[in-house]
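The structure appears right after this line, and notes come after that.
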Amino acid sequence: MLWHQTALKGICTLIQDYVEKAINKILGTKEIAFNIPPKREFGDFSTAVCLSQAKVQKRAPLQIAEDLKTELEKVKLPYVSEISVTPPGYLNFKIDHPSYVKSIIDRVNKEGDKFGNTNVGRGRKVLIEHTNVNPNKAMHIGHLRNAIIGDSVVRMMRKLGYHVEACNYIDDTGAQVADVVVAMLYMDAPVYDGKSTDLSAMWAKYDGSQPFDYWCWDVYSRIAQAYDSDAALKAKRAEVLHAVEAQDSAVAGFAKEVATRIVHAHLATVARLNVYYDLLNWESDIFLRGFWRTAFEKLKAAGAIVFEIEGPNKGCWVVRFGRGVFKTDEGLKSEDKVLVRSNGTVTYTGKDIAYQMWKFGVLGVDFLYKLWEVQANGDYLWTTSPSGEDANSFGNADRVINVIDVRQSYTQHIVYDCLKKLGFKKEAKNSIHLDYEVVVLSNSAAAELGVAVDAEESGNQAMSGRKGVGVKGDDLLNTLVKRLSEKVNKEENANHLAAAAIRYFMSRFSTGKIIVFDFDEALRTTGDTGVYCEYAHARACSILTKAVKTGVSSLKAQKTGVQMPENITIPEENLIKKIAELSNVLKRAGQELSPAPLAHYAFELATVFTDFYETPDPDAEKQVPFIKIEDPILRNYRLALVNTFRQTIANCLDSIGIVPLERI
RNA sequence: GCACCUGUAGCUCAGUGGAUUAGAGCAUCUGACUUCGGAUCAGAGGGUCGGGGGUUCGAGUCCCUCCAGGUGCGCCA
């Protein structure tokens, strides 16, 4: 998962870069870790490099530290005002605060919405595929987690300088879509005659009283249950699946139309969360363009797959994997992976190998493309299409990140391993499965949805499309919008705020943690939430606006020619140090491929700002509001800090897809 | 059986080998608005970092082992 080799550094990046270089020169060490001393008197940051050097040099760490201090004092280190040594051998640095603070303010103002960005990814293309929801029902909150993680990674990688292509894979020829088609054609009267090309009577079953994806949600769970008691209906399933794969009948056209309508619904749902894509990749186009045939020939030529003439996989093309064939109590079992079934059809994994090759541009076959729509953010969304045209701009990635839940780890591993077997070692290495844990329902959430909960069982319930158990994404958004709309100045802001709350909620958790969804926790608007972060941003905007309106400041004064006061207070210092962290947090989030560090940072930044706002002068008996400060230098400096904070948290929120609101 | 993930306060979670005293939020309790936005802030109580070994100057963090929970290991997708 970790694939930047950038060194992690501590708080005061700018300065530490210089200090690190200076120490490297003196000691000849490679990487130096900085940290924050427990006591403010020790300094602003420190390093324990002398402790680890003690062994190498076979000298007392305290002595090394003293010598290093003497050497460093000969070098002019920018912003460093004092170096000290504390037992057992820490080297502490104090910063010249006024000049440091000014440099950060100037830098944020100069870089604006680019502040925090780096170009570590320059010249490299990353294809990130996420969402990938079966187009046969409404999205639930588990799907939302995928889209939110995926879109956040897209955003942060762009800020790290990568050329990013965001793809959403549409499995329109799979069993799930087929199930809904079977239901619409055969479950309720009128029943399809199996031949007619006019299917309008089937479409008429959907009465439009609720959104189409909601309607399909119920239809899908009904057919899943109906299969158990109706063998005739279940027989239709194989028939429809076959027709859909063949792509040449009225039924196939019907399925494509169902999938298309659902895709529109899904895109509308995620757009509410500020999630957008560059390309929709349709599974039907993978079949139509013959991706598998091409990959199959390459696999055979490379000797990566074998045709079994005996054993449990007799008649199949398989890739040798794991322990191969082995004996168990139940007889012969195989860990080899079947790519072509004995009936000649290709498995999902087989098709996925071909698709993964396309992503790297090593398949030798391409899709046809056309414009799908212009998205709400103004960006073009393209789609693969049988009626499209050639394009050279898609795929051909240096790295591929597939956002898929952790349960698919085994299959993903096989796909990447097959790439290696084909000789695509570099591509295999650059294939990343961004695996995340699932979202389950707490017992109380399940009970609220009317699911029968066994109190004796474990404290949560898995969501299930087949059973119709789950919280729909749009329902969660709607509930939140309703709760928030009483206190916002316009309806649009309630939507943004709800999206912020949900994106923050989903981003707080490490990707490896199961989210046990609980309504109270997800709908909370106080404390550690996206609403708190939005509130801090809106408050900062409000202060700046008011300062301009009351004539005590101008937009220009808040940004340029800021003069420093003689002393920097502790809340001011804490704020500026936190602001300076953004680019490191972005790098770390990029390394971990997770929005979690950025979400936590946004909250910390908002907290530090609130502290600065509440108590800018800790020693004073009474706090004076910034806009009422008499001293023009101090007033303008404080307002400049507010503006610097506003820009920084806006950039941070943007990196996890939260729209910063100027007013709530 | 094999592989992977998780285990930190009553609950939900942070924690990048680094410092006396392991941090937030929620919940509970006590306080604070005539001011720039109270969706806020100040304070209190609450911990065998699952157990045990090891490496290290230093371990919640790395290694081993055990325990508990979860997920994979289809000619499903």
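Note on naming: letters A, B, ... go to the chains in the order of the sequence lines (proteins, then strands), and numbering restarts at 1 for each one.
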Report yes if at least one side-chain N or O of K487(A) is closer than 4.0 Å to OP1 or OP2 of A39(B); otherwise report no.
yes

Taking only side-chain N and O atoms of K513(A), does any of them lie within less than 4.0 angstrom of OP1 or OP2 on G7(B)?
yes

Counting heavy atoms from C-beta on, name the nucleotide in C75(B), G37(B), G18(B) closest to the side chain of L51(A).
G18(B)

If you find the nucleotide of RNA chain B closest to P597(A) and the one closest to T610(A), which residue's nucleotide is nearer the 5' end?
P597(A)

Could you please name the partner base of U55(B), counting Watson-Crick and G-U wobble pairs only when both distances are under 3.5 Å?
none

For the residue pair F296(A) and W292(A), does the interplanar ring angle fall in the parallel (under 30°), tilted (30 to 60°) or perpendicular (over 60°) class?
parallel

Base, sugar-phosphate, or nothing for K314(A), non-hydrogen atoms under 4.0 angstrom?
base

Minimum heavy-atom distance between L480(A) and A522(A), given as atom pair plus value:
CD2-O, 4.5 Å

Check the phosphate of A39(B) against R663(A), side-chain N and O only, distance under 4.0 Å to OP1 or OP2. Yes or no?
no

Validate the cation-pi geometry between R539(A) and Y613(A): distance from NZ or CZ to the six-membered ring centre under 6.0 Å, angle to the ring axis within 45°.
yes

Which one is paired to U21(B), where only Watson-Crick or G-U wobble pairs with both distances under 3.5 angstrom count?
none

Atom P, compared across C66(B) and G1(B): separation rounded to whole Å
11 Å

Which nucleotide, in any strand shown, forms a Watson-Crick or G-U wobble pair with G45(B), with both distances under 3.5 Å?
none

For RNA chain B, whose closest nucleotide is more 5', that of D611(A) or that of I515(A)?
I515(A)

Would you mind classifying the nucleic acid contact of S409(A) as base, sugar-phosphate or nothing, using non-hydrogen atoms under 4.0 angstrom?
nothing

Base, sugar-phosphate alone, or nothing: which one does T47(A) contact when heavy atoms must sit under 4.0 Å apart?
nothing

Side-chain contact check for F42(A): nearest option of A19(B), U12(B), G37(B) is A19(B)

G38(B) OP1/OP2 closer than 4.0 Å to side-chain N/O of Y613(A)
yes

For the rings on Y532(A) and F603(A), is their centre-to-centre separation under 6.0 Å?
yes

Expressed as a whole number of Å, how far does the P atom of C49(B) sit from that of G23(B)?
14 Å

Between G60(B) and U48(B), how many Å separate the two P atoms, rounded to a whole number?
14 Å

Flag the pair D44(A) and K577(A) as a salt bridge only when some basic side-chain nitrogen lies within less than 4.0 angstrom of an acidic carboxylate oxygen.
yes

Per Y535(A) side chain, nearest of listed nucleotides C75(B), G7(B), G37(B)
G37(B)

Just to confirm, is there a sub-4.0 Å distance from OP1 or OP2 of C41(B) to any side-chain nitrogen or oxygen of Y532(A)?
yes

What nucleic acid atoms does N92(A) come within less than 4.0 Å of, heavy atoms only: base, sugar-phosphate, or nothing?
base

What class does the angle between the rings of H143(A) and H140(A) fall in, given that below 30° is parallel, 30 to 60° is tilted and above 60° is perpendicular?
parallel

Quick one, which residues of residues 524-531 of chain A touch RNA chain B with a heavy atom under 4.0 Å?
R524(A), T525(A), T526(A), G527(A), D528(A), V531(A)

Pick base, sugar-phosphate or nothing for Y90(A), based on heavy-atom distances below 4.0 Å to the nucleic acid.
base

Out of A77(B), U35(B), C73(B), which has the shortest distance to the side chain of Y410(A)?
C73(B)

Can you figure out which of U35(B), A39(B), G37(B) approaches the side chain of P625(A) most closely?
U35(B)

Just checking E604(A): base, sugar-phosphate only, or nothing, at a heavy-atom cut-off of under 4.0 Å?
nothing

Base, sugar-phosphate or nothing for A538(A)? Non-hydrogen atoms, less than 4.0 Å.
base

I'd like to check F505(A) versus I141(A) (side-chain heavy atoms, cut-off strictly below 4.5 Å). Are they in contact?
no

Between U71(B), C75(B), G18(B), which nucleotide gets closest to the side-chain atoms of A48(A)?
G18(B)

Under 4.0 Å between a Lys/Arg side-chain N and an Asp/Glu carboxylate O for D405(A) and R145(A)?
no

Could you work out the separation of G54(B) and A59(B) based on their P atoms and round it to a whole Å?
12 Å

So T411(A), base contact, sugar-phosphate only, or nothing? Heavy-atom distance under 4.0 Å.
base

Please report the distance separating the C1' of U30(B) from the corresponding atom of G52(B), rounded so that it comes out in whole Å.
42 Å

Give one of base, sugar-phosphate or nothing for D171(A), where a contact means two heavy atoms less than 4.0 Å apart.
sugar-phosphate

Does G1(B) pair with anything, Watson-Crick or G-U wobble, both distances under 3.5 Å, and if so, with which nucleotide?
C73(B)

Indicate, with a heavy-atom threshold strictly under 4.0 Å, whether I629(A) touches base, sugar-phosphate, or nothing.
nothing

On a whole-Å scale, what distance lies between the P atoms belonging to G10(B) and U56(B)?
35 Å

Taking C-beta and beyond as the side chain, do E437(A) and K513(A) meet within less than 4.5 Å on heavy atoms?
no

The test is ring-ring contact (aromatic ring centres under 6.0 Å, His included); show your working for F626(A) and F612(A) and say whether it passes.
CA-CA 11 Å; F626(A) 303 155; F612(A) 159 69; 4.9 Å; yes

C36(B) phosphate, OP1 or OP2: any side-chain N/O from K628(A) under 4.0 angstrom?
yes

Looking at every strand, decide which applies to I514(A) at a 4.0 Å heavy-atom threshold: base, sugar-phosphate, or nothing.
sugar-phosphate

Rounded distance in Å between the C1' positions of G70(B) and C75(B):
28 Å

Nucleotide of G37(B), G25(B), A19(B) approaching F603(A) most closely (side-chain heavy atoms)
G25(B)

Quick note, K622(A) side chain, CB onward, closest among U35(B), C41(B), A14(B) is U35(B)

Scan T615(A) against the nucleic acid and name what it touches under 4.0 Å (heavy atoms): base, sugar-phosphate only, or nothing.
nothing

Now, which nucleotide makes the Watson-Crick or G-U wobble pair with C33(B), with each of the two distances under 3.5 Å?
none

Considering only the C1' atoms, how many Å lie between C13(B) and G47(B), rounded to the nearest integer?
15 Å

Salt-bridged, D336(A) to R320(A), with N to O below 4.0 Å?
yes

Phosphate-side-chain proximity, R539(A) and G38(B), N/O vs OP1/OP2 below 4.0 Å
yes

